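Heads up: the structure comes next, in structure tokens.
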Amino acid sequence: MAKTHTNSYQYVLDPFTRDELYHISQVKRFFECYEGDAQFRAAVNSGQINAEQQRRMKQIGIDFHPREIALLWEKPEIIEKFTSRMCSTEHSFISEEHAELLNDYPLLELWLRFILRKRMQFKKICAQRLPISKNTRFENWRQRRIASVQSELGAFGRHIDHPILAIELSEGCSVQCWFCSFSSKKLQKILDYNQSNDFFRGIAQVCTDIFGGKTAGMALLYYATEPCDNPHYIDYMQDFADITGSYVCTSTAVSTNKKWIDDLLAFYRPKNLPWPRLSVLSTKMLNKIHDQHSPYELRDVSMIMQMKDSERPKVPGGRIFEEKGDMRERDSTNYLQNVIPQGSIACVTGFYINLVRKDIKLVSPCFTSEKWPYGYRVFDEASFDTVEDFHSTVLEMIDNMPQKPPANMPLRLRDDIICRPLANGFDLVSPNQIHHFHNKSVFHVLGELLMNTPVSYQDASDILVDKYRQDLFAVHAVLKHLFNNGFLDEVKLNTREPTIGILS
Ligand code: SF4
């Protein structure tokens with residue numbers, strides 16, 4: 001039976017009238033030009049938008065006069081203040097003094113209210129970390145990984161919503177973007193809809209049975225692939241929604257294919273969903289998109305400016321990683337002295353599945369490095385053949401996720417963490433944060449153990465209790481804390497052998 005569908009984006013749209021949304025879509029388009037066109041950006045920054053640029057604005061559906069938003073270049077510091085304060089609370093981002101100024105710029109005020117609402121909604125999605133999965137063992141593993149991402153990526157990690165599934169419907173990618181963080185290879189093959197529909201629906205059903213529909217719906221039907229490469233991509237999305245009850249998001253770099261974008265808009269718009277998201281690879285491409293679609297048609301569509309001269313920094317993974325080298329190598333001399341300028345393009349904390357190759361990886365985002373060039377760690381991998389095989393393989397991977405620190409597992413820190421011993425304990429230093437373990441006698445001796453060749457959990461516990469006379473409960477509490485908060489390296493755990501917990 002078809003499931004019901006949920007939509008939290010409606011919260012963003014609800015307070016605005018149709019007329020207001022019409023104006024908002026025009027301001028949105030203005031900012032797309034600002035972000036994606038270096039010449040236009042320079043003109044706005046200097047307050048010198050010339051006649052030709054104004055003509056172009058009109059041509060692409062921006063009906064207001066630039067003077068209606070002149071606060072942007074007359075008092076840019078105020079706009080900056082608004083946008084940075086937006087991250088705090090919904091009602092206090094505009095001071096009384098500035099609110100008065102905005103009275104003269106109602107279009108900007110409307111726009112700021114809209115993007116504030118959008119940010120609040122996204123923050124909420126990231127903060128709630130998911131509808132809880134039916135499978136507790138997986139859920140606990142996932143919460144450890146999310147804690148680990150937040151420790152490792154700092155503020156960057158807070159913008160990741162951690163879908164649990166990426167299901168690719170092709171192998172390779174036809175677009176071959178210069179910045180591809182996944183270094184996707186050329187398109188090889190696609191999953192044939194007519195021949196594989198039962199297979200696809202079977203996979204979606206297995207995921208729903210294991211995790212629950214709402215959690216399984218936290219998915220992408222692409223990852224290191226381009227959705228447009230599969231001509232039945234939208235049919236697959238509908239099938240997936242019928243089984244899980246959730247419509248999934250789409251990001252595409254084939255942004256100037258009018259029919260493709262029209263089809264996606266026809267799919268999402270009646271449901272008031274904020275997709276597709278478009279990757280824009282050049283200013284020429286941006287212009288073409290603006291020529292092909294009106295501002296209101298693209299009201300809910302985010303554009304991600306990927307041109308080389310874009311002010312938006314790129315995650316140095318995949319192909320760019322190859323150019324820039326291992327960011328972690330800076331760490332030995334520069335650890336935490338500067339914010340490491342990257343997050344991860346990866347977002348899935350769960351199962352990364354390719355239905356053409358029929359393989360599964362258990363993954364979670366991390367800082368890009370020589371070892372993890374695509375910005376995700378791989379905790380386990382396997383291949384499968386049939387739907388039944390897929391079912392048992394996923395369950396086997398979940399069975400292998402320990403619920404407690406396993407006795408035979410080495411007490412080893414995550415590979416991004418440096419342990420800094422101190423007189424009163426130790427600090428764990430990740431690329432973006434310091435975690436303090438101070439002022440307890442168990443911390444002092446544990447710090448030394450963490451610095452040296454790893455011993456097993458069981459041995460660590462015995463050494464701390466027998467040799468260093470530490471309290472058994474304090475030892476178990478701190479080991480459990482390290483484990484539950486994702487500080488420990490679980491990559492090596494996947495021996496596919498049952499693990500025995502030492503801590504209750
Ligand atoms: S970024 Fe996306 S569209 Fe571009 S090459 Fe990589 S997978 Fe393909």
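Indexing begins at 1, ligand by ligand and atom by atom, following the structure's order. None of the values given here were measured: they were computed from a predicted structure.
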Using a 4.0 Å cut-off to any heavy atom of [X], which atoms of ligand 1 qualify?
X	answer
Gln176	5 (S)
Thr225	7 (S)
Cys173	3 (S), 5 (S), 7 (S), 8 (Fe)

Specify whether Tyr247 and Phe267 have parallel, tilted or perpendicular ring planes, treating 30° as the upper limit for parallel and 60° as the lower limit for perpendicular.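 Tyr247 and Phe267: perpendicular rings.
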
Taking the six-membered ring of Phe114 as reference, does the NZ or CZ atom of Lys118 fall below 6.0 Å from its centre and within a 45° cone about the axis?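 Negative - Lys118 is either too far from the ring of Phe114 or too far off its axis.
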
Are Arg145 and Trp141 in a cation-pi setup, meaning NZ or CZ lies under 6.0 angstrom from the ring centre and within 45 degrees of the ring axis? yes

May I ask you to check if any N/O/S atom from Cys180 comes under 2.8 Å of atom 8 (Fe) of ligand 1?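 Not a single backbone or side-chain N, O or S atom of Cys180 is under 2.8 Å from atom 8 (Fe) of ligand 1.
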
Any chance the rings of Phe199 and Phe390 have centres within less than 6.0 Å? no

